[in-house]
There are 2 protein chains.
Amino acid sequence: MPNQDHMIEEMYNSEGNLTEKQKKILAAATEMFAEKGFAGTSTSEIAKKAGVAEGTIFRHYKTKKELLLFIVTPMMVKLIAPFVIKDLNKVLNHEYEQFEDFIRAMIDNRAKFLEKNRPIIQVFIQEIPFHTELREQFIEHVGTKVMARFVQIIKHYQANGQICAMPASSVIRLVGSTILGYFVTKNVLAAKMAWDDEAEIDRMVRFLMKGLAIDHTTK
Amino acid sequence: MPNQDHMIEEMYNSEGNLTEKQKKILAAATEMFAEKGFAGTSTSEIAKKAGVAEGTIFRHYKTKKELLLFIVTPMMVKLIAPFVIKDLNKVLNHEYEQFEDFIRAMIDNRAKFLEKNRPIIQVFIQEIPFHTELREQFIEHVGTKVMARFVQIIKHYQANGQICAMPASSVIRLVGSTILGYFVTKNVLAAKMAWDDEAEIDRMVRFLMKGLAIDHTTK
DNA sequence: TATAGAAGTGAGTAATCACTCACTAAGGGA
DNA sequence: TCCCTTAGTGAGTGATTACTCACTTCTATA
């Protein structure tokens, strides 16, 4: 797909020069996709909510699906990749000497990312099972590039003697699952229960550090 | 909703006395909902795949949504609740003296459950964001009943001195996230990469045991 | 074997779907 | 001022949607 990169780059630069109505369309579509799903939302509903004619949507996006991709694609490109590259450098420059510091920085960073892009991320997660393009994009941008960076980071701390020997991919999965689980419960069940965020983060970090520490027990 | 329990009970008993065509409808609907989503699947498609007339679907299910609920509801009732109750008793009867044995039994049990009901579970997970009824049912059956059981189990092992002091809900979240992450990567990325299942389980269990062990380090 | 009730059918319905197109409005450079 | 490009419009398109209903077929029991 040679035009995909072009499309992405275009979006990268063009966020500023969008018409007022175009912004309204994107906002309305994001909100409705998050609430009712892509297949459950009609273009007429989006137009009504955005306060534009239905034809206006199709002036800018050839199909309804293209609208979805324009909402969801830049999130992956713009916001995941740069973070990882930047933080990788910090790690390799010994900015996070302790693995714990790196974990805490990552949790904090992702929390802010999630807060800023909650509805878009929601749409992305909800729609990924139904759209091959989304899966492919995700694998391309996150699955390979980001993964490779993380492997380097983990190996760095393993060589350091800070975390135990184990395939890097397993470490990433364990850490990722734990952090993801924290975000999911925090965001989905937040209102339903008492939630001391700082304490939960502390417990989670401690659990991770202990779980990944080098074994001293001879079992 | 007073008729919900009745509906559930009915399904509980009636799985055997379904017509051949009804079974075909359920199978076809499950498969298509999993693949294309509830909103993205039309009743005419289901009828075609099941080899029945479209009217036959609506003879048994008043609406398309009722069909979805008939597919997804019994999974929660029949298969989650009994397991937990049974295993709770095993724990309280000291059948799993070691917390590790309990964890391993649970992983094994859930793996079999997932294998048997993969498409239904997939539909359930994919549709839960869009249907309030599903969320309510899940909270009612899993969120409260199952949660309460787990809290008892965790407290048992904490009193035993096998796992560290921490709110039971946090322990459940950490363990649950880790196991869920294992299942997700295993099932979603299974074909894409090498996967030594036994080794992964061992690593995960070791991670959990270390992570939840009682602290000896004076930090 | 007669019959009632359930299972199954498929043509038909109004509503809604994503999308088109001929059109007007607006803005900026020559 | 003219003109060209882009943005925006909304009525209209055929296809598809979930669902209905009058009808036939099957099946169990009396």
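Here is the naming used below: chain letters follow the sequence lines, and residue numbers restart at 1 for every chain.
Checked against salt bridge (Lys or Arg N to Asp or Glu O under 4.0 Å), B/D108 has the following partners two or more places apart in sequence or in another chain: B/K112. By the salt bridge (Lys or Arg N to Asp or Glu O under 4.0 Å) test, A/K155 is found to be paired with no residue, residues two or more places apart in sequence or in another chain being considered. When the side chain to side chain donor-acceptor pair (under 3.5 Å) test is applied to A/R59, no partner is found at least two apart in sequence or on another chain. The ring-ring contact (aromatic ring centres under 6.0 Å, His included) check on B/Y61 picks up B/F70, with sequence neighbours excluded. For A/Q122, there are no side chain to side chain donor-acceptor pair (under 3.5 Å) partners at least two apart in sequence or on another chain. In this structure, the side-chain contact (heavy atoms from CB on, under 4.5 Å) partners of B/A199, at least two apart in sequence or on a different chain, are B/D196, B/R203. Here A/E35 pairs with nothing under the salt bridge (Lys or Arg N to Asp or Glu O under 4.0 Å) rule; sequence neighbours left out.
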If you restrict it to nitrogen or oxygen atoms, what contacts under 3.5 Å exist between nucleotides 4-8 of chain D and the protein, and what is each distance?
residue	atom	partner	partner atom	Å
D/dG8	OP2	A/H60	NE2	2.7
D/dG8	N7	A/R59	NE	2.9
D/dG8	O6	A/R59	NH2	3.0

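Against DNA chain C, the stretch residues 31-49 of chain B makes no heavy-atom approach under 4.0 Å.
The nucleotide range of DNA chain C contacted by chain B, defined by atoms under 4.0 angstrom from heavy atoms of the protein and reported 5' to 3', is C/dA7 to C/dG10.
Within the structure, every pair that satisfies the side chain to side chain donor-acceptor pair (under 3.5 Å) test and touches residues 46-56 of chain B, not counting sequence neighbours, is listed here: B/E31-B/K49, B/T43-B/E54. Sequence neighbours left out, the pairs with a member in residues 170-190 of chain B that pass salt bridge (Lys or Arg N to Asp or Glu O under 4.0 Å) are A/E200-B/R173, B/K186-B/D197.
No side-chain heavy atom of B/I25 sits less than 4.5 Å from a side-chain heavy atom of B/T19.
To the nearest angstrom, P of D/dC19 lies 8 Å from NZ of B/K64.
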